Amino acid sequence: MYLKRLELQGFKSFADKTMLEFKPGITAVIGPNGSGKSNISDAIRWVLGEQSMKSLRGAKAEDVIFAGTQNRKSLGFAEASIVIDNSDSKLPIEYNEVTVTRKLYRSGETGYFINKAPCRLKDIVELFMDTGIGKDGYSIIGQGKIDEILSNKSDDRRHIFEEAAGIVKYRTRKVEYEKKLEQ
Ligand code: ATP
């Protein structure tokens with residue numbers, strides 16, 4: 001399984017439809033300060049369901065929508081898709097290629113899609129659970145993540161190990177069922 005492609009439109013500095021192809025192996029993104037390199041990893045985390053605007057380096061949800069420049073008007077929506085090669089069936093879904101999309105309109109209307117079919121955020125979280133790819137997985141290592149691994153708080157460290165061990169799914173289900181039982 002690997003990330004084949006990232007498609008952006010109206011996301012942060014990527015006003016125009018932009019497609020980034022990733023080949024197997026290592027890809028390095030280089031460019032001047034402020035040219036949008038970090039916006040690329042922000043987009044990946046956003047598609048995976050990141051809700052924390054702080055970690056997306058914004059204040060409110062609509063800060064991910066292209067805000068305009070001196071010469072260009074702002075846009076009304078942001079859309080990002082990640083396309084994953086799933087020919088090894090690591091993702092529990094019967095498709096060789098999986099496209100996950102998130103869309104947000106300035107009005108606040110929002111949507112998640114798996115292979116163009118509308119879905120819930122929960123479906124996306126479950127799809128990537130225990131693969132290491134989810135927004136809390138260890139495949140996106142930002143500065144804060146390194147702190148988490150080195151953290152003195154055992155809860156922070158445990159989360160990383162649990163994801164790697166593939167047991168997050170069971171822990172999440174346990175919490176869900178306990179809540180239901182309580183109700
Ligand atoms: P550095 O090398 O300094 O870390 P970078 O290449 O990682 O920089 P980013 O932080 O990804 O750059 O991009 C910052 C740029 O994105 C800024 O120019 C900022 O104005 C622009 N930007 C962020 N959000 C929006 C938005 N909603 N609309 C338009 N532009 C945006």
Side-chain angles (χ1 to χ4, degrees), residues 1-85 97-114 116 118-125 127-128 131-151 156-157 159-160 163:
M1 168 174 67
Y2 78 94
L3 175 62
K4 259 170 112 167
R5 199 159 64 241
L6 174 67
E7 294 169 12
L8 306 169
Q9 189 173 8
F11 185 89
K12 289 200 169 188
S13 50
F14 295 91
D16 293 321
K17 195 162 187 172
T18 307
M19 214 187 277
L20 291 133
E21 295 268 357
F22 303 106
K23 303 278 181 236
I26 294 173
T27 302
V29 179
I30 55 170
N33 292 130
S35 59
K37 302 182 295 292
S38 308
N39 292 345
I40 294 174
S41 57
D42 287 346
I44 298 173
R45 255 180 307 118
W46 187 68
V47 174
L48 293 171
E50 183 59 84
Q51 303 294 309
S52 154
M53 278 316 291
K54 194 172 153 224
S55 79
L56 293 169
R57 303 176 305 141
K60 46 194 188 317
E62 66 178 69
D63 288 345
V64 299
I65 304 172
F66 177 70
T69 60
Q70 273 185 335
N71 316 314
R72 193 163 176 173
K73 268 179 40 184
S74 62
L75 292 175
F77 76 92
E79 181 174 340
S81 300
I82 54 172
V83 182
I84 288 173
D85 181 302
E97 194 175 278
V98 182
T99 304
V100 178
T101 304
R102 182 171 176 182
K103 204 166 177 174
L104 174 74
Y105 290 90
R106 238 175 241 290
S107 61
E109 196 188 325
T110 183
Y112 293 92
F113 306 83
I114 295 176
K116 300 219 163 87
C119 67
R120 300 164 303 173
L121 168 59
K122 191 168 179 259
D123 301 319
I124 292 176
V125 172
L127 180 67
F128 289 106
T131 60
I133 290 182
K135 72 174 181 64
D136 294 322
Y138 43 82
S139 59
I140 302 175
I141 304 285
Q143 286 165 352
K145 204 65 174 186
I146 304 277
D147 290 345
E148 216 175 272
I149 297 170
L150 301 175
S151 165
D156 287 351
R157 278 201 315 267
H159 195 88
I160 308 250
E163 177 77 32

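None of the values given here were measured: they were computed from a predicted structure. In each ligand, atom 1 is the first atom listed, and ligand 1 is the first ligand listed.
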Does the side-chain contact (heavy atoms from CB on, under 4.5 Å) test come out yes or no for Asp16 and Arg72, once each step is laid out? CA-CA 11 Å; Asp16 293 321; Arg72 193 163 176 173; 2.8 Å; yes

Are side-chain heavy atoms of [X] and [Y] found at a separation under 4.5 Å?
X	Y	answer
Leu121	Gln51	yes
Ile65	Ser74	no
Arg120	Val125	no
Phe11	Thr18	no

Nearest-neighbour protein heavy atom for [atom], which is reported as residue plus atom name and distance:
atom	value
atom 12 (O) of ligand 1	Gly36 N, 3.1 Å
atom 3 (O) of ligand 1	Asn33 ND2, 3.2 Å
atom 21 (C) of ligand 1	Ser13 CB, 3.9 Å
atom 16 (O) of ligand 1	Asn39 ND2, 3.0 Å
atom 28 (N) of ligand 1	Ala67 N, 2.7 Å
atom 10 (O) of ligand 1	Arg57 NH1, 2.9 Å
atom 2 (O) of ligand 1	Lys37 NZ, 2.7 Å
atom 4 (O) of ligand 1	Ser38 OG, 4.0 Å

Sole candidate of Val100, Leu127, Leu48 that passes side chain to side chain contact (heavy atoms under 4.5 Å, CB included) when paired with Ile133: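 Of all the options given, the one that passes is Leu48.
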
Can you confirm if the NZ or CZ of Lys103 lies within 45° of the ring axis of Phe77 and under 6.0 Å from the centre of its six-membered ring?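 So Lys103 does make the cation-pi contact.
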
Option whose closest heavy atom lies nearest to atom 8 (O) of ligand 1, chosen from Gly34, Ala43, Ala15: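 The residue whose heavy atom sits nearest atom 8 (O) of ligand 1 is Gly34.
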
Residue [X] vicinity, atoms of ligand 1 by number, heavy atom under 4.0 Å:
X	result
Ile65	26 (C), 27 (N), 28 (N)
Pro32	6 (O)
Phe66	28 (N), 29 (C)

Side chain, backbone, both or neither: which part of Thr69 has a heavy atom under 4.0 Å from ligand 1?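 Contact part for Thr69 vs ligand 1: neither.
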
Once you restrict to heavy atoms under 4.0 Å, what part of Ile40 touches ligand 1? Side chain, backbone, both or neither.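 It is neither; nothing of Ile40 touches ligand 1.
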
Decide yes or no on side-chain contact (heavy atoms from CB on, under 4.5 Å) for Arg57 and Asn39, but give the supporting numbers first. CA-CA 9 Å; Arg57 303 176 305 141; Asn39 292 345; 2.8 Å; yes

Looking at every non-hydrogen atom in both residues, tell me the closest pair between Ile40 and Val29 and how far apart they are.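 Looks like CD1-CG1, 3.9 Å.
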
Quick one: does Gly31 get within less than 4.0 Å of ligand 1, heavy atoms only?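 In this structure, Gly31 fails to qualify as a contact of ligand 1 - no heavy atom is under 4.0 Å.
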
Under a 3.5 Å distance rule, please check whether Arg102 uses its side chain to pair with a backbone N or O of Trp46 as donor and acceptor.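 Looks like yes, one N/O pair under 3.5 Å.
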
Protein heavy atoms: any of them under 4.0 Å from atom 30 (N) of ligand 1?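 Protein heavy atoms within 4.0 Å of atom 30 (N) of ligand 1 - there is at least one.
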
Any non-hydrogen protein atom less than 4.0 Å away from atom 25 (C) of ligand 1: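 Given the 4.0 Å limit, the answer for atom 25 (C) of ligand 1 is yes, a protein heavy atom qualifies.
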
side-chain contact (heavy atoms from CB on, under 4.5 Å) evaluation trace for Lys116 with Thr101: CA-CA 7 Å; Lys116 300 219 163 87; Thr101 304; over 6 Å; no

